[in-house]
Amino acid sequence: MKQATLPVVRFEIFYHLKRPTFWIISLLFFGIALMDSVSNASQGQAFFYINSPSQIFQTTIWYTIFGIVAAAAFVAETFVRDTNYVMEELIFSTPIRKWNYLGLRFFAAVGMTLLAFSGYLPGTIIGTLMPGLNPYALGPFRPDAYFFSYFFFVIPNLFIASALAFLLASRTRNLAITYAGAIVLVMLYLASLMMVGMEVINFNQYRFWAMLDPFGFHAFEETRLGWTVYQHNTLMPNLTGTLLLNRFLWIIVAFVAWGFSYQTYSLKMIKRSPKRGSVGRLGRGGDWERGRLGDWETGRLGDWETGRLGEGERGR
């Protein structure tokens with residue numbers, strides 16, 4: 001099983017690392033976080049410490065909302081490229097396991113999404129070290145806040161976004177529709193934040209909305225209701241109660257959505273009208289154009305199933 005797993009994961013990792021999309025998204029989140037930190041800590045704009053635990057959590061949640069598009073870029077592209085490059089017939093004609101084709105590739109894409117998105121971390125930290133900042137806008141460095149905000153929000157939220165992207169991509173096998181769905185989801189979520197924010201009157205009602213929030217923003221806000229400025233600048237949010245329940249609830253929902261997509265995904269060709277000039281072509285991209293699929297190479301797909309990858313390499 002190990003011999004069958006590693007080639008798939010290795011191919012997916014290096015495939016995404018070679019694509020400009022990975023580096024563009026990494027630099028984008030790095031730049032956004034850097035400029036955001038510098039802007040918030042500039043002269044005359046200090047209110048809360050921009051690097052207090054409370055602010056780090058809040059900023060991280062906001063970034064993950066836009067991470068939905070990043071998840072679509074990696075997860076959807078992983079499962080749509082076979083259709084785009086007319087490779088489904090070749091791949092599905094081999095005895096490839098469904099887990100290898102869907103499960104391993106999905107979690108590899110989630111890992112690359114997390115890696116690219118993590119560019120916000122050095123951007124945020126470096127932003128607090130830039131010259132000319134208001135010293136009263138900066139507090140002590142809190143590595144625990146970065147760690148727990150990543151663990152409680154970045155990993156779950158991007159997994160939720162990836163599961164939704166996989167649901168769309170597996171149904172449509174269309175990259176444009178998946179991107180459009182991700183953008184619509186971002187817009188709907190931001191609209192819901194504005195509408196619910198204006199209605200927060202009853203605490204019990206607030207808790208209800210907090211549980212329905214897939215990205216945990218309202219659940220996090222509940223942990224610091226009534227805090228003073230001093231508490232905002234010094235205390236770690238209480239990572240229990242509604243916040244913890246919210247995280248468990250939506251991780252379960254994401255797994256259910258992914259499991260449904262996995263079970264209903266058919267390893268069969270979708271009938272499409274033939275495109276002019278598509279016969280005899282593998283596509284127009286890098287290794288695909290040269291007829292090489294890396295670890296997906298035609299003569300080696302069966303090796304994943306038999307675990308004889310090493311023997312296949314020695315026989316070359």
Side-chain angles (χ1 to χ4, degrees), residues 13 16-75 77 109-162 165 179 182-183 185-187 189-190 193-194 215-217 220-221 224 229 232-237:
I13 291 174
H16 288 294
L17 287 176
K18 292 176 182 178
R19 297 180 67 239
T21 304
F22 174 84
W23 302 105
I24 291 173
I25 291 176
S26 298
L27 291 174
L28 181 63
F29 279 103
F30 172 84
I32 290 173
L34 178 67
M35 291 187 293
D36 192 28
S37 295
V38 172
S39 175
N40 290 333
S42 61
Q43 294 291 339
Q45 295 185 14
F47 186 60
F48 299 116
Y49 290 159
I50 67 165
N51 59 343
S52 69
S54 176
Q55 289 300 107
I56 290 172
F57 272 79
Q58 178 176 293
T59 303
T60 299
I61 296 171
W62 278 105
Y63 290 160
T64 61
I65 296 172
F66 296 96
I68 297 173
V69 180
F74 292 103
V75 176
E77 198 280 337
V110 173
M112 296 308 295
T113 303
L114 288 170
L115 184 61
F117 179 84
S118 297
Y120 87 94
L121 282 171
T124 301
I125 296 172
I126 294 174
T128 62
L129 304 176
M130 298 296 287
L133 302 181
N134 186 341
Y136 296 103
L138 298 172
F141 179 64
R142 295 291 300 268
D144 54 338
Y146 290 102
F147 173 80
F148 284 110
S149 63
Y150 196 94
F151 182 79
F152 269 82
F153 291 101
V154 174
I155 296 176
N157 288 358
L158 292 188
F159 177 73
I160 293 168
S162 298
Y179 273 123
I183 294 172
L185 182 60
V186 172
M187 294 171 60
Y189 184 76
L190 293 177
L193 287 181
M194 291 186 289
F215 294 97
F217 179 79
F220 165 71
E221 285 293 298
R224 58 179 192 172
V229 173
H232 273 282
N233 287 336
T234 56
L235 299 182
M236 276 283 292

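On a predicted model such as this, the values are computed, not experimentally measured, just so you know. When a residue number appears, it is its place in the shown sequence, counting from 1.
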Which residues share a ring-ring contact (aromatic ring centres under 6.0 Å, His included) with [X], sequence neighbours left out:
X      : value
Phe30  : none
Tyr189 : Phe215
Phe74  : His16
Phe117 : Phe29, Tyr120

Contact between [X] and [Y] at the side-chain level, heavy atoms closer than 4.5 Å - yes or no?
X      : Y      : result
Val110 : Leu158 : no
Trp62  : Leu190 : yes
Gln55  : Asn51  : no

I need the [X] [atom1] to [Y] [atom2] distance, nearest 0.5 Å.
X      : Y      : atom1 : atom2 : result
Phe153 : Gln58  : CZ    : CD    : 10.5 Å
Leu115 : Ile25  : CG    : CD1   : 11.0 Å
Phe147 : Phe152 : CZ    : CZ    : 9.0 Å
Ile56  : Met236 : CD1   : CE    : 9.0 Å
Leu34  : Leu27  : CG    : CG    : 11.5 Å
Ile32  : Leu28  : CD1   : CG    : 4.0 Å

In chain order, what residues pass the side chain to side chain contact (heavy atoms under 4.5 Å, CB included) check against [X], with sequence neighbours excluded?
X      : answer
Thr234 : Tyr230
Ile13  : Val9, Leu17, Met112
Ser37  : Ile50, Thr124
Asp36  : Asn40, Thr59, Tyr63

- Query: Take atom CZ in Phe141; do more than 12 heavy atoms of anything else shown fall under 6.0 Å from it?
  - Reply: yes
- Item | Backbone N/O of Phe48 and side chain of Asn233: donor-acceptor pair under 3.5 Å | no
- Message: Using a 3.5 Å distance criterion without hydrogens, assess whether the side chain of Ser39 forms a donor-acceptor pair with backbone atoms of Met35.
- Response: no
- Message: Restricting to side-chain hydrogen bond (donor to acceptor under 3.5 Å, both in side chains), what partner residues turn up for Tyr150, sequence neighbours left out?
- Response: Ser118
- Message: Can you list everything that forms a side-chain hydrogen bond (donor to acceptor under 3.5 Å, both in side chains) with Asn157? Sequence neighbours excluded, please.
- Response: Thr64, Arg247
- Query: What residue pairs, at least two apart or across chains, pass side-chain hydrogen bond (donor to acceptor under 3.5 Å, both in side chains) with a residue in residues 20-31?
  - Reply: Arg19-Thr21
Looking only at non-hydrogen atoms, find the nearest pair between [X] and [Y] and report the distance.
X      : Y      : result
Pro237 : Phe220 : CG-CE1, 3.5 Å
Val38  : Gly127 : CG2-O, 3.8 Å
Ser162 : Thr113 : OG-OG1, 4.5 Å

- Listed once per pair and sorted, the salt bridge (Lys or Arg N to Asp or Glu O under 4.0 Å) pairs that draw on residues 130-146, sequence neighbours left out: Arg142-Asp144
